[in-house]
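One structure is given below, encoded as structure tokens.
Hydrogens, waters and symmetry mates are skipped; everything else that's a heavy atom, side chains included, is used. Start at 1 with the first residue, then count along the sequence.
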Amino acid sequence: MALGIILTLIGFAFAAVITPGPNNMMLLASGANFGFKRTLPHMSGVIFGSMVLQTAVGAGLGILITSFPPLLNALKVAGGLYLLYLAWRLATRNTIAKSDAARTPMTFAQAAAFQWVNPKGWVSALAAMAAFTSEGPYAVMAVLVVLSFAAMSTISVSVWTGFGTALRQYLQRPRYLRGFNLSMATLLVLSLWPMLK
């Protein structure tokens, strides 16, 4: 197995997870609204849920999805509706959460479950498995895809949440926070555009 293939896979995984998408927009907003520490379960759920999804795709679910378009369309609709709900929740949040009594961030289980209706996650998993599992023994390459995405996701979720946390001090005024949350909600809705094509 060539080192070049592994480096290409890592580069592909990094580009797939670091670019703006539903997970990153929600983590940015969560960091700003709840801080880094309280967003850790959300971050962990994204990584774990993505690993489970990619493992399932590598184990054969990807073939089923791509060979039965109505199932893929159903996932797109479910993901779109859930993203709209999350955008609405974000747009209506007007205060920085400072205690456990305030609104709570997304939980580990919610973030993990969201990966199953995340359009960007499906596209990345299907593309990575299709592109890289033919470059060596299937099982080995499938495991490398999952591990590469997990490693790059760890970096990505930390960067996006950290950026949101850094903005937190500038969003203490409700007017600024409201503008930020409305912007993030808008970007979350706009992230639906690629899957509507």
Side-chain angles (χ1 to χ4, degrees), residues 10-51 53 78-124 148-197:
I10 291 171
F12 179 91
F14 183 74
V17 300
I18 199 70
T19 51
N23 279 325
N24 294 335
M25 292 301 98
M26 289 189 294
L27 287 167
L28 175 66
S30 186
N33 283 274
F34 301 105
F36 197 92
K37 184 177 180 181
R38 292 188 65 197
T39 304
L40 283 172
H42 184 169
M43 296 162 64
S44 303
V46 169
I47 297 167
F48 178 78
S50 296
M51 289 180 70
L53 173 63
L81 291 174
Y82 190 59
L83 279 175
L84 290 174
Y85 165 72
L86 291 174
W88 174 78
R89 278 190 59 194
L90 182 56
T92 57
R93 183 176 295 135
N94 296 321
T95 58
I96 294 272
K98 296 179 180 176
S99 70
D100 291 332
R103 290 188 183 184
T104 57
M106 187 175 275
T107 66
F108 174 90
Q110 290 169 333
F114 171 70
Q115 304 318 304
W116 290 86
V117 292
N118 178 5
K120 185 183 176 188
W122 275 102
V123 170
S124 297
S148 296
F149 269 81
M152 296 303 101
S153 290
T154 301
I155 295 170
S156 177
V157 300
S158 299
V159 167
W160 282 95
T161 306
F163 182 48
T165 303
L167 291 175
R168 192 171 165 82
Q169 62 180 314
Y170 303 106
L171 301 174
Q172 297 299 323
R173 293 184 180 179
R175 180 169 54 116
Y176 295 163
L177 181 65
R178 188 163 42 251
F180 173 80
N181 284 340
L182 283 172
S183 298
M184 292 299 99
T186 301
L187 290 174
L188 199 53
V189 171
L190 289 176
S191 71
L192 290 170
W193 176 251
M195 79 175 193
L196 296 176
K197 294 181 179 179

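Not counting sequence neighbours, the partners of L167 by the side-chain contact (heavy atoms from CB on, under 4.5 Å) test are L28, F163, L171, F180. Not counting sequence neighbours, S158 has no partner by the side chain to side chain donor-acceptor pair (under 3.5 Å) test. Judged as a side chain to side chain donor-acceptor pair (under 3.5 Å), and not counting sequence neighbours, the contacts of T19 are K120. A search for side chain to side chain donor-acceptor pair (under 3.5 Å) contacts involving S153 returns nothing, not counting sequence neighbours. Applying the side chain to side chain donor-acceptor pair (under 3.5 Å) test to Y176 and every residue at least two apart in sequence or in another chain returns R173. S148 is linked by a side-chain contact (heavy atoms from CB on, under 4.5 Å) to L9, I10, A13, counting only residues two or more places apart in sequence or in another chain.
Side chains of F114 and N23 form a contact here, defined as non-hydrogen atoms less than 4.5 Å apart. With contacts defined as side-chain heavy-atom distances shorter than 4.5 Å, the pair H42/T161 does not qualify. Taking 4.5 Å as the limit, some side-chain heavy atom of T104 sits within range of a side-chain heavy atom of R38. Counting heavy atoms from C-beta on, the side chains of F36 and M43 come closer than 4.5 Å. Under the 4.5 Å side-chain criterion, counting only non-hydrogen atoms from C-beta, F149 is in contact with S124. I18 places a side-chain heavy atom less than 4.5 Å from the side chain of W160. Looking at heavy atoms from C-beta onward, V189 lies in side-chain contact with L84 at the 4.5 angstrom threshold.
Below 30°, between 30° and 60°, or above 60°: for F48 and F108 the angle between ring planes is between 30° and 60°, a tilted geometry.
Rounding to the nearest 0.5 angstrom, the gap separating the CG atom in L53 from the CH2 atom in W122 is 5.0 Å. Between the OG1 atom in T186 and the CG atom in N181 there is a gap of 10.5 Å [rounded to 0.5 Å]. To the nearest 0.5 angstrom, I47 atom CD1 is 10.0 Å from Q115 atom CD.
Nearest heavy atoms, M106 versus Y82: CE-OH, 4.1 Å. In this structure, L86 and M26 approach most closely via the heavy-atom pair CD1-SD, 3.2 Å. Scanning all heavy atoms of the two residues, the minimum distance from P20 to M25 falls at CB-CE, 3.9 Å. Nearest heavy atom pair, residue P41 against residue K37, reads CD-O, 4.0 Å. Shown here for N118 and P22, the closest heavy-atom pair between the two residues is OD1-CG, 3.6 Å.
No donor-acceptor pair under 3.5 Å is formed between the side chain of S30 and the backbone N or O of T39.
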